[in-house]
Amino acid sequence: MPTRRLSIVLAEDSLLLREGLASILDHAGHEVRDTVGDADTLLAVVRKEPPDVVITDVRMPPGHSDEGLRAAAAIRAELPTIGILVLSQYVADAYLSSLLETTTGGIGYLLKDRVGHVTEFLESLDRVADGGTVVDPEVVRQLLARRRNDGPLSALTPRELEVLALMAEGRVNASIAEQLVVSEAAVRKHVGNIFAKLQLDDGLDRRVSAVLTYLRG
């Protein structure tokens, strides 16, 4: 069972994926209050009764472009305490940039493949509900690959790059230490080195957005 039961509105135009997600969330003990297949209906049900978290696809009817993302931005502007977890089929910098412009409250950006990793998906949902920022590891890896030879990023050691990627996923030091099988003290040292080399502030509530802002260039 989850640490707390979340009320969730789920927006996904694929019936198969929508039902699969609803089943995962229900089995985890959450309340899937509404499932919808288009952005207009998403806005209507959220405005009528705000949930704890909105999970939405980026591409929704009628245009199948960025309707879900635009609906998420509208929800964030009107109801900033709602956690928003956006699902995307592909890594798209434009979507990521737009998402990170809304820095208040919990925000998540995951590739749909991540849903298959049920434990990780549910952990990401919890972090978003708690006001954290979560970005899919594959998105982070691609951003790192594009910029690893660019300026200060090239000064990071392979281990520091690993820590940076895990930080950008929204992980705290204890989780990073567990993932890398090292001590928390070692992680703190790596984090300090990373922020010194990248000239970023190491505030716990700012570290993820700072890292991602840097990676976006």
Side-chain angles (χ1 to χ4, degrees), residues 6 8-28 30 32-46 51 53-76 82-103 105-129 132-147 165-166 168-171 208-209 211-213 215-217:
L6 300 171
I8 298 169
V9 170
L10 172 60
E12 166 60 55
D13 65 314
S14 167
L15 178 61
L16 183 61
L17 181 55
R18 187 166 71 237
E19 293 302 315
L21 279 167
S23 177
I24 289 171
L25 295 167
D26 181 69
H27 188 263
H30 297 303
V32 181
R33 207 189 62 219
D34 290 287
T35 61
V36 302
D38 64 87
D40 289 341
T41 306
L42 170 62
L43 286 170
V45 299
V46 169
V53 179
V54 167
I55 300 175
T56 181
D57 188 8
V58 167
R59 297 181 176 182
M60 301 277 285
H64 293 281
S65 57
D66 62 351
E67 287 85 354
L69 187 64
R70 287 189 281 112
I75 291 167
R76 174 46 49 89
I82 294 177
I84 296 175
L85 180 55
V86 175
L87 302 179
S88 180
Q89 189 69 43
Y90 309 102
V91 177
D93 286 357
Y95 296 152
L96 179 58
S97 299
S98 298
L99 181 64
L100 293 177
E101 286 172 1
T102 59
T103 56
I107 284 289
Y109 181 96
L110 297 180
L111 299 182
K112 289 185 177 180
D113 288 348
R114 191 63 46 190
V115 176
H117 304 272
V118 175
T119 300
E120 293 180 20
F121 171 69
L122 294 173
E123 289 175 351
S124 297
L125 176 65
D126 285 340
R127 286 203 293 273
V128 169
T133 301
V134 178
V135 177
D136 194 282
E138 182 58 29
V139 175
V140 176
R141 279 193 289 271
Q142 291 198 27
L143 290 172
L144 281 171
R146 293 170 192 172
R147 299 211 61 204
L166 292 169
E169 291 174 30
R171 294 176 183 264
V208 173
S209 59
V211 170
L212 290 169
T213 297
L215 292 176
R216 284 191 293 129

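At a threshold of 4.5 Å between non-hydrogen side-chain atoms, the residues I75 and T56 do not count as touching. Within the 4.5 Å cutoff, side-chain heavy atoms of E67 are placed close to those of P62. Contact check for L25 versus L125: side-chain heavy atoms found under the 4.5 Å cut-off. In this structure the side chain of T41 never reaches within 4.5 angstrom of the side chain of D34, judged on heavy atoms. Side-chain atoms of F121 and V134, non-hydrogen and from C-beta on, never get closer than 4.5 Å to each other. No side-chain heavy atom of L85 sits less than 4.5 Å from a side-chain heavy atom of I8. Residues R33 and V46 form no side-chain contact, since every pair of their non-hydrogen atoms from C-beta on lies 4.5 Å or further apart.
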**Request:** In sequence, state the C-alpha distance, the side-chain angles, and the governing distance for H64 and D13, and then conclude on side-chain contact (heavy atoms from CB on, under 4.5 Å).
**Result:** CA-CA 9 Å; H64 293 281; D13 65 314; 3.1 Å; yes
**Prompt:** Yes or no on side-chain contact (heavy atoms from CB on, under 4.5 Å) for L87 and L21, after CA distance, side-chain angles and deciding distance?
**Reply:** CA-CA 11 Å; L87 302 179; L21 279 167; 3.8 Å; yes
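At least one donor-acceptor pair under 3.5 Å links the side chain of S124 to the backbone N or O of E120. Between the side chain of R127 and the main chain of G106, no donor-acceptor pair closer than 3.5 Å is present.
Salt bridge D57/K112: present, at least one basic N to carboxylate O contact under 4.0 Å.
Here the closest heavy-atom approach between residue A11 and residue M60 is recorded as CB-CE, 3.7 Å. Of all heavy-atom pairs between S88 and V58, the closest is CB-CG2, 3.9 Å. What you find for A71 and L42 is that their closest heavy atoms are CB-CD2, 3.9 Å. Considering every non-hydrogen atom in both V32 and A22, the closest pair reads CG2-O, 3.9 Å.
Few gaps surround CG on L15; more than 12 heavy atoms of other groups in view lie less than 6.0 Å from it.
Separation of atoms CG (L110) and CD1 (I55) is listed at 9.0 Å; rounding is to 0.5 Å. Between the CD1 atom of I84 and the CD1 atom of I107 there is a distance of 5.0 Å, given to the nearest 0.5 Å. Interatomic distance, CD of Q89 versus CG of D113, reported as 6.5 Å (0.5 Å rounding). Rounding to the nearest 0.5 angstrom, the gap separating the OG1 atom in T35 from the CZ atom in R18 is 5.5 Å.
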